[in-house]
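Everything on this sheet refers to the single structure shown next.
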Amino acid sequence: MMRQLFPRITWIVISILAGVALLLPVLNLCFPDGHPLHISSYVLGIVAKFMCYALAALALDLVWGYTGILSLGHGVFFALGAYAHGMYLMRAIGHDGVYQSDLPDFMVFLDWKAYPWYWAMTDSFLYCMALVILVPGILAFVFGFFAFRSRIKGVYFSIITQAMTYAFMLLFFRNDTGFGGNNGFTDFKRLLGFSLTSPGTKAVLFLITLCCLIGALVLCRWIVTSKLGRVLQGVRDSESRLMFIGYNPLWFKLFVWTLSAMLCSIAGALYVPQVGIINPSEMSPANSIEMVIWAAVGGRGTLLGPIIGAFSVNGLKSWFTAAFPDLWLYALGLLFILVTLFMQQGILGVLAKLKKSQEIA
């Protein structure tokens, strides 16, 4: 079965890259600072953050690359997962905050007297993990049901998804919503009793993120190579013809849209304890557009391409914002234009053409 998901050479490459990734936390823990083989916690955190972005790009590719649904609102699902996990992390601070109160510091500062009702049970890790799945899943299901039932698609669907994420961003910027307003959640201390600054905790979070990324890749690949996947590609290529032969696209689109939202939310939940902050800027329309760029640069409709694109674009961003901090958005726009004009199949498409030309030669 595993051989059917990817060709043997692809599994070899995935195994090598996963093995290299597995070495990073080992080198971080086993060798002291200054040792030639030591990997700093900063590098480990950067790679972990990129893996979270790669998981979000993979989730987007499932709906865009294989079903033809271009979402410009996946940033809201990413952020909701981060906020759901962040609620637990804020409760886990306990009395170690600046004000040493039962309430988080931002609530004390804003003169809240008690937790709002929707914070109930958020001191339970399992409950918050359920929120990570259920809240974005329910939002995506309800939003998708009314949008797909009304046969909204193409650029119109993209516009309303962007409007959705912009509306949520404005809502979460408000101080009276109970989510920290402009500052969001930060200053996390512990996760399940373990210090988030501990190298061991960081290594475990890194490994969990890697496992989730590989697991999501296998799950998505299994879906797109199954009969369900062929129906999803039929929705992308000719939805009207699919309806004529007896399929109802609504439920197929709704399934993949909801699953994609949940995967993106899991990426956000993994992101927040490793980066240490979540605020409404993660819901900005620009962030959702960046996810589209990751998928396009790597090669949409390939699953592996968006992962490559997420690492490539964010690696370039890390360097560019340090060297030319005011010019990154211009560079990002230019990159998207160049990919659209000259690399429509992305990095993997270019590699495939090079391989084909070598075989012909």
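Please read all numbers here as calculations on a predicted model, not as lab measurements.
A donor-acceptor pair is defined here as one N or O able to donate and one able to accept, closer than 3.5 Å; no such pair exists between the side chain of W64 and the backbone of A59. With hydrogens and angles disregarded, no donor-acceptor distance shorter than 3.5 Å links the side chain of H74 to the backbone of S288. Judged by distance alone, with hydrogens and angles left aside, the side-chain atoms of S260 form no donor-acceptor pair with the main-chain N or O of V256 at under 3.5 Å. The backbone N or O of I223 sits less than 3.5 Å from a side-chain atom of S226, completing a donor-acceptor pair. In terms of modelled atom types and a separation under 3.5 Å, the side chain of S265 and the main chain of A261 share no donor-acceptor contact. Put simply, the side chain of E282 never gets that close to the backbone of A82: no donor and acceptor are under 3.5 Å apart.
By the 6.0 Å contact criterion, OH on Y156 is open, its count of non-hydrogen atoms from other residues, nucleotides or ligands being 12 or less.
Residue D187 holds its CG atom at 11.5 Å from CG of L89, rounded to the nearest 0.5 Å.
For T340, the side chain to side chain contact (heavy atoms under 4.5 Å, CB included) partners two or more places apart in sequence, or in a different chain, are F336. Qualifying side chain to side chain donor-acceptor pair (under 3.5 Å) partners for D96, counting only residues two or more places apart in sequence or in other chains: R190. For L338, the side chain to side chain contact (heavy atoms under 4.5 Å, CB included) partners are L334, F342, not counting sequence neighbours.
Annotation: side chain of L196 is in contact with side chain of L205 (closest heavy-atom distance under 4.5 Å). Side-chain atoms of C220 and L58, non-hydrogen and from C-beta on, do get closer than 4.5 Å to each other.
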Show me, pair by pair, the donor-acceptor contacts under 3.5 angstrom made by side chains of residues 245-254, not counting sequence neighbours?
unit_1, atom_1, unit_2, atom_2, d
N248, OD1, L250, N, 3.2
K253, NZ, E239, OE1, 3.4
K253, NZ, E239, OE2, 3.3

Got a list of side-chain donor-acceptor pairs under 3.5 Å for residues 272-279, not counting sequence neighbours?
unit_1, atom_1, unit_2, atom_2, d
Q274, NE2, T209, OG1, 3.0
Q274, NE2, L270, O, 2.8
N279, OD1, S281, N, 3.1
N279, OD1, S281, OG, 2.3

Please tabulate, one pair per line, all N/O donor-acceptor pairs under 3.5 Å involving side-chain atoms of residues 39-50, not counting sequence neighbours.
unit_1, atom_1, unit_2, atom_2, d
S40, OG, V43, N, 3.2
S41, OG, N28, ND2, 3.4

Show me the side-chain donor-acceptor pairs of residues 162-175 shorter than 3.5 Å, one per line, residues at least two apart or across chains.
unit_1, atom_1, unit_2, atom_2, d
T165, OG1, M283, O, 2.7
R174, NE, D176, OD1, 3.1
R174, NH2, D176, OD2, 2.8

Exercise answer: donor-acceptor pairs, residues 305-315 side-chain atoms, under 3.5 Å, sequence neighbours excluded:
unit_1, atom_1, unit_2, atom_2, d
S312, OG, I308, O, 2.8
N314, ND2, A310, O, 2.7

Give every donor-acceptor pair under 3.5 Å between a side-chain atom in residues 125-151 and any protein atom, sequence neighbours left out.
unit_1, atom_1, unit_2, atom_2, d
S150, OG, F146, O, 2.8

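For the pair R230 and Y66, the cation does not sit on the ring face, since its NZ or CZ is not both under 6.0 Å from the ring centre and inside 45° of the axis.
Under the ring-ring contact (aromatic ring centres under 6.0 Å, His included) criterion, no residue pair touches residues 197-217, with sequence neighbours excluded. Counting only residues at least two apart or on different chains, the ring-ring contact (aromatic ring centres under 6.0 Å, His included) pairs with a member in residues 277-308 are Y53-W294.
Alongside I9, the hydrophobic cluster contains no other residue (criterion: ILVMFWY side chains under 4.5 Å).
W119 and F106 have tilted rings, their planes meeting at an angle from 30° to 60° on a 0 to 90° scale. Ring pair Y88/H85 is parallel by interplanar angle, where below 30° counts as parallel and above 60° as perpendicular.
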